[in-house]
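Whatever order the structure lists ligands and atoms in, that order sets their numbers, starting from 1.
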Amino acid sequence: MPVEQYRDLLSDLGVDVDRHAMMMNKAYEAYKKEFFSQPNRPKAMEYFDWFMSEIQGKRIAEINEIRKQNKPAIGTFCIFVPEEIVVGAGGACYGLCGGSNATIPDAETELPRNICPLIKSAHGFKLQRTCAYTQSSDFIYGETTCEAKKKTWEILNKHHPVHVMEIPHMKRKKDLDVWRDEIKSFKEHIESIIGREITFEEIKKGIEIINEKRKALQRLDYLRSKNPDIIPISGKDALFVIQVGFMDDPIRYTQKVNELCDELEERIEKGISVFPKGTPRLMVLGTPFAIPNWKLHSVVETTGGAIVNEESCIGHRYFKDNVDLENVNNSQDAIDALLNRYSKVDCACFTPNQPRIDKILKMYKEKQIDGVIYYTLSFCHTYNVESYLVKEALEKEGIPCLQIESDYSPEDVGQIKTRVEAFLESLTFKKKAEEFKNKASDVLGS
Ligand code: BJ8
């Protein structure tokens, strides 16, 4: 990974350059092993491969060019952050590193062992100073979605500025009023950093840019699962494309995702699939997958299954809704429109959260899924507890579900593989039994 040429910049940002270079080289080697070994990848993945090689290099240089022009750079850990406001102001809004096991021992010097690995990993990156995105951010925008996160912000704030947004845990009118004020306060906080007001035109522009990005991702989501016999891109590649969306420049990224989609359309027309016909099609539900957490996708897709959708924040939950700009004529309208869109996010931090269950059932049917994997990061209580209600609804509909709880360590790979293997076998058996039943009823009916 060519981060060497950015040594001076990284050093000015306070990055521990030697440790960072060592980690990034390892991460890039892991990426090449994981991704380049997949057969028949779309040509348009070349851009995303290039992005990985520059993830802590050129992109960091771009963000710091933006900062030089007195534009904001905001780091986030949640899809509740209204990135439209930052992008509208000409700034960069990006997800921070939080998917690696390598930073967790450092984090555990300040945080308890028994909390979610995403939070520990992110905190560890700050303590090690090995995430150039964190080091480049004016502030980290935290939220009160889960207990572990909201308490971690107080400790993280000792090392880097953190601004916390209160996300209510219900969606009554009084809760939404609080949320609206929080969006305003986010805008004001950025204004206090750049020393000027963010205009309505800028917010509108930001909304348009991010709506286009979400539209491109909706298109990718549709093409991955459109044809039951042709899967034009692996789940792992599609996941990586979505992960890049949290770091890349949104306009360039949208263009690249659309180019990939053009190629996927062609592949579907020509019948080019990366998996053989009849491969069990899976949807993954649950917690986010931060780079380089590709463990589940790797296991599933090297065991004979294909993932065609992630009902996750690094997935469908992130891009499913656009901001409606109709009748939006001033900043207040724009904030209402943002609130309207963001309050549709169905994170398990809400109670009740029935819309998530209804959506899962709908997606299962629409995408012609064979089975679902309910995936939670260890110690994520909201998603773990909510799994009871989701599984109950799936069971009622006769939808097969495998629940997997995991962290970032490689130790449970063998065990997950064994469970996935058994699950895939049961799906294949179920499919064959259904085909047999359908044939038999055709014969009897004729
Ligand atoms: S909108 S899922 S990105 S909060 S950190 S809740 S995994 S214990 S990330 Fe999330 Fe926003 Fe919701 Fe999505 Fe659990 Fe870990 Fe908490 Fe987590």
Side-chain angles (χ1 to χ4, degrees), residues 74-83 93-101 103-104 107-108 111-126 140-156 162 164-171 175 179 182-183 186 214 217 239 242-243 245-247 284-291 293 295-296 310-321 338-339 341-351 353 355-356 359-360 374-387 390 403-408:
I74 316 294
T76 71
F77 287 113
C78 182
I79 62 164
F80 284 122
V81 178
E83 58 188 311
C93 189
Y94 45 78
L96 298 173
C97 304
S100 166
N101 209 29
T103 57
I104 288 183
E108 286 177 352
L111 298 176
R113 192 193 54 80
N114 54 349
I115 61 169
C116 151
L118 196 155
I119 300 168
K120 283 193 290 184
S121 174
H123 195 73
F125 269 109
K126 181 60 219 183
I140 294 170
Y141 195 34
E143 13 59 52
T144 57
T145 44
C146 69
E147 301 304 308
K149 265 184 174 176
K150 73 183 177 198
K151 295 313 293 179
T152 297
W153 306 141
E154 293 170 35
I155 304 170
L156 188 59
V162 181
V164 181
M165 170 189 218
E166 182 172 353
I167 296 290
H169 293 172
M170 296 180 84
K171 293 179 181 175
D175 303 310
W179 198 337
E182 292 292 288
I183 297 176
F186 176 55
R214 286 185 287 247
L217 286 166
L239 171 68
I242 302 167
Q243 288 173 328
F246 287 85
M247 289 163 155
V284 178
L285 319 177
T287 49
F289 300 91
I291 293 177
N293 181 12
K295 182 158 75 175
L296 183 66
E310 295 80 20
E311 186 271 340
S312 161
C313 290
I314 312 286
H316 188 262
R317 191 175 300 116
Y318 170 64
F319 53 74
K320 71 184 175 68
D321 305 302
L338 286 169
L339 173 69
R341 186 261 166 207
Y342 279 92
S343 59
K344 285 185 195 143
V345 172
D346 49 12
C347 173
C349 69
F350 292 108
T351 182
N353 201 22
R356 176 170 178 234
K359 175 201 70 184
I360 291 169
Y374 196 106
Y375 168 80
T376 44
L377 287 167
S378 316
F379 305 111
C380 175
H381 301 319
T382 49
Y383 278 88
N384 242 332
V385 175
E386 193 163 279
S387 72
V390 175
Q403 184 160 9
I404 288 180
E405 185 181 333
S406 183
D407 56 18
Y408 294 161

Keeping [X] on the side-chain end and [Y] on the backbone end, is there a donor-acceptor pair under 3.5 Å?
X: Thr144; Y: Ile167; value: yes
X: Lys295; Y: Asp407; value: yes
X: Asp321; Y: Tyr342; value: no
X: Asp346; Y: Asn353; value: no
X: Gln243; Y: Phe289; value: yes

Pull up every protein N/O/S atom sitting under 2.8 Å from atom 15 (Fe) of ligand 1, skipping waters.
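Cys116 SG, with waters left out.
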Give me the residue, atom name and distance of the protein heavy atom closest to [atom].
atom: atom 4 (S) of ligand 1; answer: Thr145 OG1, 3.2 Å
atom: atom 12 (Fe) of ligand 1; answer: Cys347 SG, 2.3 Å
atom: atom 11 (Fe) of ligand 1; answer: Cys78 SG, 2.3 Å

Check the orientation of Phe350 and Phe80. Use parallel for under 30°, tilted for 30 to 60°, and perpendicular for over 60°.
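Judged by the thresholds at 30° and 60°, the geometry between Phe350 and Phe80 is perpendicular.
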For ligand 1, which atoms have a heavy atom of Ile79 less than 4.0 angstrom away?
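What qualifies from ligand 1 is 1 (S), 3 (S), 11 (Fe).
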Would you check if atom 13 (Fe) of ligand 1 lies under 2.8 Å from any N, O or S atom of Cys313?
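True for Cys313.
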Nearest 0.5 Å, please: how far is OH in Tyr141 from CD in Glu83?
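Glu83 atom CD to Tyr141 atom OH measures 13.0 Å (nearest 0.5 Å).
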For a quick test of reading the model, state the closest non-hydrogen atom pair linking His123 to Thr152 and the distance between them.
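Smallest interatomic distance, heavy atoms only, reads ND1-CG2, 3.8 Å.
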